[in-house]
Trainee: 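Quick one: the structure is below, questions incoming.
The sequence lines fix the lettering, A, B, ..., with proteins before strands; numbering per chain opens at 1.
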Amino acid sequence: MTINATQSANIANAIENWFSTAARDLPWRNEDTPWGRLLSELMAQQTQIDRVAEKWTEMIIRFPTPLSMAESEEQDVLLLWQGLGYYRRARYLKEASEQICREYGGEVPQTVEELLTLRGVGKYTAGAVASIAYNARKPIVDGNVHRVVCRLQNQGDYSVNDKWTWKMASQLVDHCDTPSKLNEGLMELGATVCTPKKPKCEECPVHSMCSAFQNGTQLEVPKPKAAPQKQKEFHYAVLFKKQNKIALEHRAGKGLWAGMWQVPTIESSKKLTKKEIGSHFDVKQHLEKLGTFKHTLTHKMIEFHVYECSEYKKQLDWYDTATLHEFPFANAQKKVLSFKSLS
DNA sequence: AACTCGGGGTG
DNA sequence: CACCCAGAGTT
């Protein structure tokens, strides 16, 4: 199923006009540069825009240019990324800044093809930077655009795939006036009007051309994705303190909480006894429980058990508690640290 | 094609 | 509680 040129132009123009009056006041729209846009797009992957806005300003102040980030330490990028999640993105961003300096003379490249060579930049982000920062006539499809075009065409099949959605987005951008406005407007519409649960169809600039609206199927289109089942895990975190120092570990560069720091923690698929925990750290006693909490991720439900220990035989790396703010922690480990006053 | 990567907002 | 979010990389 496709739409013709006239329909595409009508829809695109209506969205562009709506966007010119309804655009939210977001920081990267006021201080609009390709580097700022690349930053915002990478931070916004799978992350709601309101949560990105606050952090973006800190990021652009600390790293105003690709070079400033390329010359910094990865840890400095992770520090500003704390709480945003998907920490691999921060490591990729650092890599991308180095690529930009090494291969593109310090300027964010302009074409989709070049942008795709950057670490962490896929089809969506490449199209977004090319079209929004440089006004290239290239389509983009994110979760918002997917929902908007599915509803426009009342496309509620499970079989609807990326290819179909990208073709729809292509037809719209091919017949719009200003690609940057159309693409950003499509996403804005999905984020603020054509929302998943309670769409505000009466406010929508294209409801008269929306097949789902005409059929009253807005809430059935598109079909929801199957939620991954949550695996239960048990993490045992131990606060080892020695005067004004605390033991910390640096997590691996891949996997969960990549590159972040933590207090010594055991990860297990089943419950462990106090004896097993003590055995792991080679301490026989002085292991005192401080509490537990649940930490839920998209595909995991983790039960955290927090201990403190005044005995230490295992090789541990000690750091001054006064420098804790220099280490990036994911939220779960921030909760762990909050169980004890460390100042 | 299915998994793995966070954490919070929303209904 | 389920579902979603300006997705990308790996297997």
Trainee: Have a look at A:W56 and say if it touches a base, only the backbone sugar-phosphate, or nothing, with a 4.0 Å heavy-atom cut-off.
Mentor: nothing
Trainee: Can you list, by residue number, the residues of residues 79-92 of chain A that have a non-hydrogen atom closer than 4.0 angstrom to DNA chain B?
Mentor: A:G83, A:L84, A:G85, A:Y86, A:Y87, A:R88
Trainee: Any non-hydrogen side-chain atom of A:L256 less than 4.5 Å from a side-chain atom of A:K300?
Mentor: yes
Trainee: In whole Å, what is the span from the CG atom of A:L297 to the P atom of C:dA2?
Mentor: 15 Å
Trainee: Mind calculating the distance between CG (A:L93) and P (C:dG7) to the nearest angstrom?
Mentor: 16 Å
Trainee: Please list, in numerical order, the residues of residues 108-133 of chain A that have a heavy atom closer than 4.0 Å to any atom of DNA chain B.
Mentor: none
Trainee: Assess the side chains of A:E41 and A:Y124: does a donor N or O sit below 3.5 Å from an acceptor N or O?
Mentor: yes
Trainee: In residues 188-202 of chain A, which residues come under 4.0 Å of DNA chain B by heavy atom?
Mentor: A:K197
Trainee: How about A:E114 and A:T111: does a side-chain donor come under 3.5 Å of a side-chain acceptor?
Mentor: yes
Trainee: If you find the nucleotide of DNA chain B closest to A:N331 and the one closest to A:P228, which residue's nucleotide is nearer the 5' end?
Mentor: A:P228
Trainee: Does atom CG of A:D162 have more than 12 heavy-atom neighbours, drawn from other residues, nucleotides or ligands, at distances under 6.0 Å?
Mentor: no
Trainee: Just to be sure I understand the rule, does A:L26 reach a base, reach only the sugar-phosphate, or reach nothing, if contact means heavy atoms closer than 4.0 Å?
Mentor: base
Trainee: Determine the interatomic distance between C1' on B:dG11 and the same-named atom on C:dA6; round to the nearest Å.
Mentor: 22 Å
Trainee: Without decimals, in angstroms, what is the distance between A:H146 NE2 and C:dG7 P?
Mentor: 12 Å
Trainee: In residues 45-52 of chain A, which residues come under 4.0 Å of DNA chain B by heavy atom?
Mentor: A:Q46, A:T47, A:Q48, A:R51
Trainee: Over how many whole Å does the gap from A:E41 atom CD to C:dG7 atom P extend?
Mentor: 8 Å
Trainee: Assess the side chains of A:H235 and A:E233: does a donor N or O sit below 3.5 Å from an acceptor N or O?
Mentor: yes
Trainee: Rounding to the closest angstrom, what is the interatomic distance between B:dG6 and C:dT11 at atom P?
Mentor: 16 Å
Trainee: Could you say whether A:K230 or A:L42 is positioned toward the 5' end of DNA chain C, judged by the nucleotide with the nearest heavy atom to each?
Mentor: A:K230
Trainee: Would A:W261 and A:Y319 count as a close aromatic pair, with their ring centres under 6.0 Å?
Mentor: yes
Trainee: In this structure, how many angstroms lie between the C1' atom of C:dA8 and the CH2 atom of A:W166, rounded?
Mentor: 12 Å
Trainee: Does CD in A:E107 sit with more than 12 non-hydrogen atoms of other residues, nucleotides or ligands closer than 6.0 Å?
Mentor: no
Trainee: Run the side-chain donor-acceptor check on residues 202-209 of chain A: report pairs under 3.5 Å with partners two or more places apart or on a different chain.
Mentor:
| from | atom 1 | to | atom 2 | distance (Å) |
| --- | --- | --- | --- | --- |
| A:H207 | ND1 | A:C201 | O | 3.0 |

Trainee: Cut-off 3.5 Å, no hydrogens considered: what does the side-chain donor-acceptor table look like for residues 289-298 of chain A, sequence neighbours left out?
Mentor:
| from | atom 1 | to | atom 2 | distance (Å) |
| --- | --- | --- | --- | --- |
| A:K289 | NZ | A:H305 | ND1 | 2.8 |
| A:H295 | ND1 | A:K335 | NZ | 3.1 |

Trainee: Looking only at side chains, do A:R251 and A:Q262 share a donor and an acceptor under 3.5 Å apart?
Mentor: yes
Trainee: Can you find a pair of side-chain heavy atoms, one from A:S180 and one from A:S131, that are under 4.5 Å apart?
Mentor: no
Trainee: Linking Ile, Leu, Val, Met, Phe, Trp and Tyr through side-chain heavy atoms less than 4.5 Å apart, which residues share a cluster with A:Y236?
Mentor: A:F234, A:V238, A:F240, A:I266, A:L272, A:I277, A:F281, A:V283, A:L287, A:Y307, A:Y312, A:L316, A:W318
Trainee: Has A:K225 got more than 12 heavy atoms of other residues, nucleotides or ligands less than 6.0 Å from its NZ?
Mentor: no
Trainee: So with a 6.0 Å cut-off around NZ of A:K314, is the heavy-atom count from everything else above 12?
Mentor: yes
Trainee: Does any donor atom in the side chain of A:T117 or A:Y104 lie under 3.5 Å from an acceptor atom in the other side chain?
Mentor: yes
Trainee: Cut-off 3.5 Å, side chains only: do A:T321 and A:N244 have a donor facing an acceptor?
Mentor: no
Trainee: Name every residue in residues 251-268 of chain A that has at least one heavy atom under 4.0 Å from any atom of DNA chain B, in order of residue number, or write none if there are no such residues.
Mentor: A:G255, A:L256, A:W257
Trainee: Please find the earliest and latest nucleotides of DNA chain B, in the 5' to 3' direction, that have an atom within less than 4.0 Å of any heavy atom of chain A.
Mentor: B:dT4 to B:dG11
Trainee: Which residues satisfy the side-chain contact (heavy atoms from CB on, under 4.5 Å) test with A:T57, sequence neighbours excluded?
Mentor: A:P27, A:I61
Trainee: By the salt bridge (Lys or Arg N to Asp or Glu O under 4.0 Å) test, which pairs, at least two apart or in different chains, include something from residues 55-73 of chain A?
Mentor: A:R62-A:D76
Trainee: Suppose the criterion is salt bridge (Lys or Arg N to Asp or Glu O under 4.0 Å): which pairs have a residue in residues 138-147 of chain A, not counting sequence neighbours?
Mentor: none
